[in-house]
A.B. asks: 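The following block contains the structure, expressed as structure tokens.
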Amino acid sequence: MCGISLVLSGDPLVVPPSAATAAASAAAEIRHSGEGKGVSADELKEALRRRGPDSLGCVRRRLCSDGTVLGADGCDDGGEGKAGVGDSGVAELLFIGATLHLRGAQPVAQPLVSPSGSILVYNGEIYGGIEVADDENDTQALLSSLESCCSCDCHALSRDKTCSCASGGKSVPQILSTIKGPWALIYWQMDSNTIWFGRDAFGRRSLLVHWPTSDDSHFVLSSVAPPSFARNNSDATVNGFMPDPDISDCTKASYWEELPCGIHSIHMKNIRKNVTCAKEGWIVEVNTHEWMDSSLNKLIQWERRLTVPSIEKSFVDGGNHHLSQNFVSSGESEENNKNGVMKIDLLSNSSLCSANCITQSANKVLVALRESVMLRTKMNTLFQGGLNKLRDKELAPIAVLFSGGLDSMILAALLDQCIDPKWTIDLLNVSFDGQLAPDRISAMAGLRELQRISPLRRWHLVEIDTALTDLNGESEHVMSLIHPSNTYMDLNIGIALWLAAGGDGWVDGSACLMQDGSRHKYKSKSRVLIVGSGADEQCAGYGRHRTKYRLGGWNALNEEMRLDVQRIWKRNMGRDDRCISDHGKEARFPFLDENVIKTLLDIPLWEIAKLDEPVGKGDKKILREVCT
């Protein structure tokens, strides 16, 4: 996990795609002085350091009008990153990288600078598409691949997929389109004088953008908004957690926006010749590039092969549904529903071929989910090196955000299968109503079930309790993290995620079967958190899915689910990433693995959910079958 940022200052006025004409007429209102109300480099560094506590680095590049680099240095001089490009320069690029070291044999500080002079700041993990050895760092592997790319101007200036040069190298969009896993990056390609930046197709890593305004003419990218700056852009006053659906009416126009998913570029070569000239500067339009991997495009379009069952399917249950009722959930019996009991019996590797207790479709989902969890919990050399400093009983490298519900139970059980049995698994549970909260009751029941299926594992249910009246300071801080999201629902979710990621709570030694049976303070040291985001969107887990199905049938349900997945980057993922990463922790989302998404899309919709059945039984039906 890393915090990354870029500040572009000087003559160029960067505008969103297809906005150059409108921007030219408004350019006179945008001043180039360093006295605006913009964010400073020091504010960015302070915010990013919380995400990447292990190292912080900066690199500057000053450019003249033809793209030639005039100078290069770090940013330890206390500069504000607002202006000062020099008399002969037209632009300055300031790259900032704060790193949480998790992968690779040796710590790798960012920004990375290649021998050619290219610069990369990267926040993400690579689980496929680019080869990364067990002892190799993702960022180094990616930079090596990017350095082999063709640097012809055509790749940055047009969306044409072809190149007339004979280099044979792939383009930057081709390389980035192959990455499996979450990422956000900023890359200065020296040979082409191009800034490349973007986020993965599902927005699993945060990247915010500030477009130049009359108050601040700089173009800024950052993983997170600095706290003071987010507060300055919101007049909202939060008193507890009110159910008001939106506080946008009392929020000023935001300085920051969520950068849309995709690959974007700014071409800086011969900048005064190749861009629109305006009174106050040179208008530079951002180019947005197509994804260049056909399988990824299919996932983005989210086209399901079979949506509406045949007439026969409407009356006859499919022949491959041979369920044992080992999974007891809120839909199986009224008594179990009241007690929040959930029994889970995921198939072991030795019994994957047993079709008498699980559907073929659910088996495919189980295999994909297990592989996803395995990829996200693989211990590499650096990670293990840190763990060797702890005693066995303290080893809890990975935690689960845990409600005791269906999604988190599946992930906890799979995590148990994927990591060393000597390690403790922390189950992080937040309650605003102590032991009486529904999520606490279900978490306690879930803990007992996990102890049943894996009695040799040390399970720590970390009870993170707080009262709403005690959260004034925390609420203000979390508001800066969810920014530019601005609803009370965002705040409610954000504060719960932030508290859970902090891991500061209590462990009941008796409930957790510890030698010390007392209830004692405990702070989770896990740096990787497994989160169930994406399960509800893909498996019809929301109440509105049931409403859409009731009003419009299978096609309406499918369209609502597609909408949920395609907007998850803006509504959920950036916010969640910022709240969790603020503690120097990394969130990993197994349900949003590319292969899991593909597997779920290959399954007929009527096997994913059966919304004619009661709540707690027909919703997320496929996941309930996974638990048999």
Side-chain angles (χ1 to χ4, degrees), residues 1-2 4 102-104 108 110 112 114 118 120-151 155 159 161 163 167-187 189 196-207 259-265 288-302 367-378 380 528 534 565 568-569 573 577 586-602:
M1 172 59 63
C2 301
I4 63 175
L102 292 177
R103 293 160 68 90
V108 175
Q110 296 198 46
L112 262 62
S114 72
S118 296
L120 175 65
V121 283
Y122 181 70
N123 175 28
E125 298 77 49
I126 298 174
Y127 301 127
I130 295 175
E131 185 175 352
V132 182
D134 287 347
D135 60 349
E136 190 176 12
N137 177 269
D138 300 63
T139 309
Q140 289 178 317
L142 177 58
L143 181 59
S144 177
S145 294
L146 291 173
E147 282 295 275
S148 68
C149 288
C150 175
S151 58
H155 296 303
R159 300 170 186 175
K161 300 180 182 180
C163 178
S167 69
K170 295 181 178 180
S171 67
V172 171
Q174 283 178 306
I175 293 292
L176 297 182
S177 296
T178 64
I179 296 176
K180 303 293 189 297
W183 59 266
L185 66 73
I186 307 164
Y187 173 58
Q189 189 180 34
W196 297 91
F197 57 99
R199 300 169 70 184
D200 72 77
F202 301 99
R204 291 164 289 187
R205 291 289 176 253
S206 170
L207 194 58
L259 180 73
C261 298
I263 303 167
H264 315 279
S265 68
T288 297
H289 303 265
E290 296 180 0
W291 296 106
M292 301 181 70
D293 182 89
S294 58
S295 61
L296 178 60
N297 278 314
K298 290 179 181 178
L299 296 185
I300 295 169
Q301 294 164 7
W302 213 76
V367 171
L369 275 174
R370 182 184 285 114
E371 177 65 20
S372 176
V373 173
M374 180 69 77
L375 286 171
R376 284 157 178 77
T377 57
K378 187 177 181 181
N380 59 32
V528 172
V565 172
I568 195 172
W569 65 272
M573 302 313 299
D577 175 77
E586 179 170 281
R588 297 182 180 173
F589 309 102
F591 284 104
L592 290 173
D593 176 85
E594 286 84 355
N595 188 48
V596 171
I597 296 172
K598 179 182 183 301
T599 300
L600 288 169
L601 283 174
D602 286 343

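Only this structure's heavy atoms are used, side chains among them; waters, hydrogens and symmetry mates stay out. All residue numbers in this chain count up from 1 along the given sequence. Model, not experiment: these values are computed from the prediction.
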A.B. asks: Using the rule side-chain hydrogen bond (donor to acceptor under 3.5 Å, both in side chains), only one of Lys180, Arg376, Arg588 pairs with Asp593; which is it?
C.D. replies: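 Considering Lys180, Arg376, Arg588, a side-chain hydrogen bond (donor to acceptor under 3.5 Å, both in side chains) with Asp593 is found only for Arg376.
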A.B. asks: Report yes if some heavy atom in the side chain of Ile4 is under 4.5 Å from a heavy atom in the side chain of Leu207; otherwise report no.
C.D. replies: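 Heavy-atom side-chain distance check passes, below 4.5 Å.
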A.B. asks: One pair to check against side-chain contact (heavy atoms from CB on, under 4.5 Å): Phe197 and Leu259. What are the steps and the verdict?
C.D. replies: CA-CA 10 Å; Phe197 57 99; Leu259 180 73; 3.8 Å; yes
A.B. asks: Indicate yes or no: at least one non-hydrogen side-chain atom of Glu586 is less than 4.5 angstrom from one of Glu125.
C.D. replies: yes
A.B. asks: Quick one: are Ser118 and Leu146 in side-chain contact, heavy atoms under 4.5 Å?
C.D. replies: no
A.B. asks: Could you tell me the separation between the OH atom of Tyr122 and the CG atom of Asp138, rounded to the nearest 0.5 Å?
C.D. replies: 6.0 Å
A.B. asks: Please report the interatomic distance CZ(Arg204) to CG(Asn123), rounded to the nearest 0.5 Å.
C.D. replies: 12.0 Å
A.B. asks: Decide yes or no for Leu120 and Thr139: does some side-chain heavy atom of the first lie under 4.5 Å from some side-chain heavy atom of the second?
C.D. replies: yes
A.B. asks: Looking only at heavy atoms, which two atoms of Ile597 and Phe591 are closest? And how far apart?
C.D. replies: CG1-O, 4.1 Å
A.B. asks: Which heavy-atom pair separates Glu290 from Pro173 by the least distance, and what is that distance?
C.D. replies: O-CB, 4.3 Å
A.B. asks: Going by heavy atoms in the side chains, are Lys598 and Leu299 under 4.5 Å from each other?
C.D. replies: yes
A.B. asks: Please say which of Val121, Leu176, Ile263 ends up in a side chain to side chain contact (heavy atoms under 4.5 Å, CB included) with Leu185.
C.D. replies: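 Only one of Val121, Leu176, Ile263 forms a side chain to side chain contact (heavy atoms under 4.5 Å, CB included) with Leu185, namely Leu176.
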A.B. asks: Return the minimal non-hydrogen interatomic distance between Trp196 and Gln189, and the atom names on each side.
C.D. replies: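 Of all heavy-atom pairs spanning Trp196 and Gln189, the closest is NE1-OE1, 3.1 Å.
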A.B. asks: Does some side-chain heavy atom of Glu371 sit less than 4.5 Å from a side-chain heavy atom of Asn595?
C.D. replies: no
A.B. asks: Is the shortest heavy-atom distance from the side chain of Ile126 to the side chain of Trp183 under 4.5 Å?
C.D. replies: no
A.B. asks: Let me confirm one number: the CD1-NE2 distance from Ile186 to His264, rounded to the nearest 0.5 Å.
C.D. replies: 11.5 Å
A.B. asks: Check whether any side-chain heavy atom of Ile130 lies under 4.5 Å from a side-chain heavy atom of Leu142, and answer yes or no.
C.D. replies: yes
A.B. asks: Please report the closest heavy-atom contact between Ser145 and Ile175, naming both atoms and the distance.
C.D. replies: CB-CG2, 4.2 Å
A.B. asks: Specify the closest pair of heavy atoms between Pro590 and Leu369, including all atoms of both residues, with the distance to one decimal.
C.D. replies: O-CD2, 4.2 Å
A.B. asks: Once you round to the nearest 0.5 Å, how far does CG of Leu112 lie from CG of Asn137?
C.D. replies: 7.0 Å
